[in-house]
There are 2 protein chains.
Amino acid sequence: MKELTIQQKKVLQCIKFYIKKTGFPPTRADICRELGFKSPNAAESHLRALEKKGYITIENGASRGINLTENTAEKSQTIPVIGLVAAGSPTLADENIEKHIPYQESLFLSDFDYFLRVKGLSMKDAGIMEDDLVAIKKTSEVRNGDIVVARIDDEVTLKYFQSSGNQIKLIPANDDFDEIYINKETEGFFIEGKSVGLIREN
Amino acid sequence: MKELTIQQKKVLQCIKFYIKKTGFPPTRADICRELGFKSPNAAESHLRALEKKGYITIENGASRGINLTENTAEKSQTIPVIGLVAAGSPTLADENIEKHIPYQESLFLSDFDYFLRVKGLSMKDAGIMEDDLVAIKKTSEVRNGDIVVARIDDEVTLKYFQSSGNQIKLIPANDDFDEIYINKETEGFFIEGKSVGLIREN
DNA sequence: AATTTTACTGAATATATATACAGTATAAAT
DNA sequence: ATTTATACTGTATATATATTCAGTAAAATT
């Protein structure tokens, strides 16, 4: 979809906000009032631009006849589920995506970017079992004690994070597994994100 | 909320359908067209009746200024979260409800009735930790190996279910806890439901 | 260098729309 | 028995609203 200008984005935001607030779309005059325009034609032309770029549809002749396009309306988005394969990075590349599941805002306390399908039992004492879906927020800002998605070359794992200086410890929650020691500057080492929630489908 | 007449229900349904179809509420004339009325005042009076009964609000002077009330709009339903208190049944009585969280259809494989907030670690080896939310489907039809919500008098617990004949075993997933043996016909024993999923909010 | 797009003001207008008023008739509530 | 609510038709109208036309000016594209 074609990119919007800053001003067009403002108008689109204004429409969304107005619908959320009132339950019905704004008139040209309403948009002018909200954004400080002095002519209804300012709103009109922006609306036609948004229509041309596919963000809204306009029912000609109808009052408040603005309809947000499917892509535009943030109804219930979907979140990708990514398999935790031993070899291969958990990127959002299409070939790694197992499926999409409907996403509900405020499902967890923090927002997140994708679900990781857990393989193995290395985190079982943390209550993370095989086939669980762990909600991952993409970030490299993690604290000691966080459960993180760490990549070492092509290997991806879910572990407790513990650092002191340049030394990083990746700690499993299972006595049958060993801790991993690694240096911050090690080539091929990267923190993909951290766990902010979990779903078990049974 | 006050009951609606058949005709008023038709009008309300018409409004909902119109919004779903077009993205904005209908005019009086639109309602007349949909329902075969010949006077805009027919729609007008029905709208005022719906307003009076609290199903919609009307912004006076605004075109299409109809807004569905919170109860009326079937946005995303909410599911109650119930605390697993040692004494006290996990019924859906108001005093037991901790909060409501937004519900997304097909979040789990099966549908469910409420979330149970887990206290204690008696099921930790099953990956069920303190404060987890276990999705419970109300049913007494459970199979061996199911994780069930069992009530014994006023005590409510989450355990593995195992039965042979009249003998029932409630098995914890933690060596520090003991199995519970009980008879099917025991007074005060009841299977409230079974677990069909889990959410951890971190 | 010429054209298109963006980003408006300002005025004018046809029409879409809410809404009031005048009736008619039946059912329900007080 | 009387009032109120339901369920409309039919007419009328003030105004809310979309939309066109005439401009101005800067930025982006071709």
Side-chain angles (χ1 to χ4, degrees), chain A residues 1-69 72, chain B residues 1-69 72:
Chain A
M1 203 141 53
K2 230 183 164 186
E3 271 291 311
L4 293 181
T5 65
I6 299 159
Q7 210 61 210
Q8 288 165 355
K9 271 182 196 166
K10 270 189 195 168
V11 175
L12 188 61
Q13 271 310 111
C14 169
I15 297 168
K16 284 186 192 176
F17 180 79
Y18 193 99
I19 292 175
K20 208 165 195 174
K21 199 179 64 178
T22 66
F24 43 86
T27 63
R28 275 53 167 176
D30 290 330
I31 295 171
C32 290
R33 208 171 304 120
E34 296 279 343
L35 297 177
F37 301 152
K38 286 178 184 166
S39 167
N41 189 39
E44 176 73 22
S45 0
H46 277 129
L47 288 175
R48 294 301 166 182
L50 287 171
E51 187 188 31
K52 207 171 175 184
K53 290 185 175 177
Y55 287 79
I56 62 171
T57 59
I58 299 174
E59 179 145 343
N60 293 303
S63 67
R64 302 177 190 273
I66 302 170
N67 192 13
L68 299 177
T69 308
T72 311
Chain B
M1 205 140 53
K2 229 182 166 187
E3 271 291 312
L4 292 181
T5 66
I6 300 158
Q7 210 62 209
Q8 286 166 356
K9 271 182 197 166
K10 270 189 194 168
V11 175
L12 187 61
Q13 270 311 110
C14 168
I15 296 168
K16 283 186 193 177
F17 180 78
Y18 193 100
I19 292 174
K20 208 166 194 173
K21 201 179 63 178
T22 67
F24 44 86
T27 64
R28 278 51 167 176
D30 290 330
I31 295 171
C32 290
R33 207 171 304 120
E34 297 279 343
L35 297 177
F37 301 152
K38 286 176 185 169
S39 167
N41 190 40
E44 176 72 20
S45 0
H46 277 128
L47 288 176
R48 293 301 165 182
L50 287 171
E51 187 188 30
K52 208 171 174 183
K53 290 185 175 177
Y55 288 79
I56 61 171
T57 59
I58 299 174
E59 180 146 341
N60 294 302
S63 66
R64 304 178 189 271
I66 301 168
N67 192 13
L68 299 176
T69 309
T72 310

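The sequence lines fix the lettering, A, B, ..., with proteins before strands; numbering per chain opens at 1.
An OP1 or OP2 oxygen of C:dT17 is reached within less than 4.0 angstrom by no side-chain nitrogen or oxygen of B:Arg28. A close approach under 4.0 Å does not occur between any side-chain nitrogen or oxygen of A:Ser45 and OP1 or OP2 of C:dA7. For the pair A:His46 and C:dT6, the criterion of a side-chain N or O lying under 4.0 Å from OP1 or OP2 is not met. Applying the 4.0 Å criterion to OP1 and OP2 of D:dA5, one finds that B:Thr5 has every side-chain N and O outside that range. At the phosphate of D:dT6, neither OP1 nor OP2 sits under 4.0 Å from any side-chain N or O atom of B:Arg48. At C:dA11, none of the side-chain N or O atoms of A:Ser39 fall inside 4.0 Å of OP1 or OP2 (strictly under the cut-off).
The one candidate from A:Asp30, A:Thr22, A:Thr27 that meets the side chain to side chain donor-acceptor pair (under 3.5 Å) condition with A:Arg64 is A:Asp30.
Of the two residues near DNA chain D, B:Ile6 and A:Asn60, the one whose nearest nucleotide lies more 5' is B:Ile6. The 5' end of DNA chain C is approached more closely, in terms of each residue's nearest nucleotide, by A:Lys52 than by the other of A:Lys52 and A:Gly36.
Nearest nucleotide to the A:Ala62 side chain, out of D:dT9, C:dT17, C:dA7: C:dT17. Nearest nucleotide to the A:Thr27 side chain, out of D:dT6, C:dA18, D:dA18: D:dA18.
Rounding to whole angstrom units, CD of residue B:Glu44 and C1' of C:dA22 are separated by 16 Å. In this structure, B:Arg64 places its CZ atom 11 Å from P of C:dA16, rounding to the nearest Å. Going from atom CG of B:Leu12 over to atom P of D:dT6 covers 14 Å, rounded to whole Å. Remark: P of C:dT5 and CD of A:Gln7 are 18 Å apart, rounded to the nearest angstrom. Nucleotide C:dT6 holds its C1' atom 14 Å from the CG atom of A:Leu47, rounded to whole Å. Regarding B:Ile15, its CD1 atom lies at a distance of 11 Å from the P atom of C:dA18, rounded to whole Å. At whole-Å resolution of the value, NZ in B:Lys38 and C1' in C:dG23 are 17 Å apart. Note: CD1 (A:Ile31) to C1' (D:dT19) measures 14 Å, nearest angstrom.
Counting all heavy atoms, side chain and backbone alike, B:Pro25 lies closest to B:Ile19 at CA-CG1, 3.7 Å. Scanning all heavy atoms of the two residues, the minimum distance from B:Cys32 to B:Ser39 falls at SG-O, 3.2 Å. When all heavy atoms of B:Lys53 and B:Glu3 are compared, the pair lying nearest together is NZ-O, 2.9 Å. When all heavy atoms of A:Phe24 and B:Ile66 are compared, the pair lying nearest together is CD2-O, 3.4 Å. Residues A:Ile56 and A:Leu47 approach most closely at CD1-O, 3.6 Å, considering heavy atoms.
Side-chain contact between B:Tyr55 and B:Gln8 is absent, with no heavy atoms from C-beta onward closer than 4.5 Å.
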So which protein N/O to nucleotides 28-30 of chain C N/O distances come out below 3.5 Å?
none

_Per-nucleotide protein contact string for nucleotides 22-30 of chain D (B base, S sugar-phosphate only, - none; heavy atom under 4.0 Å)_ = B--------
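B:Lys53 comes within 4.0 angstrom of the backbone, heavy atoms only, and of no base.
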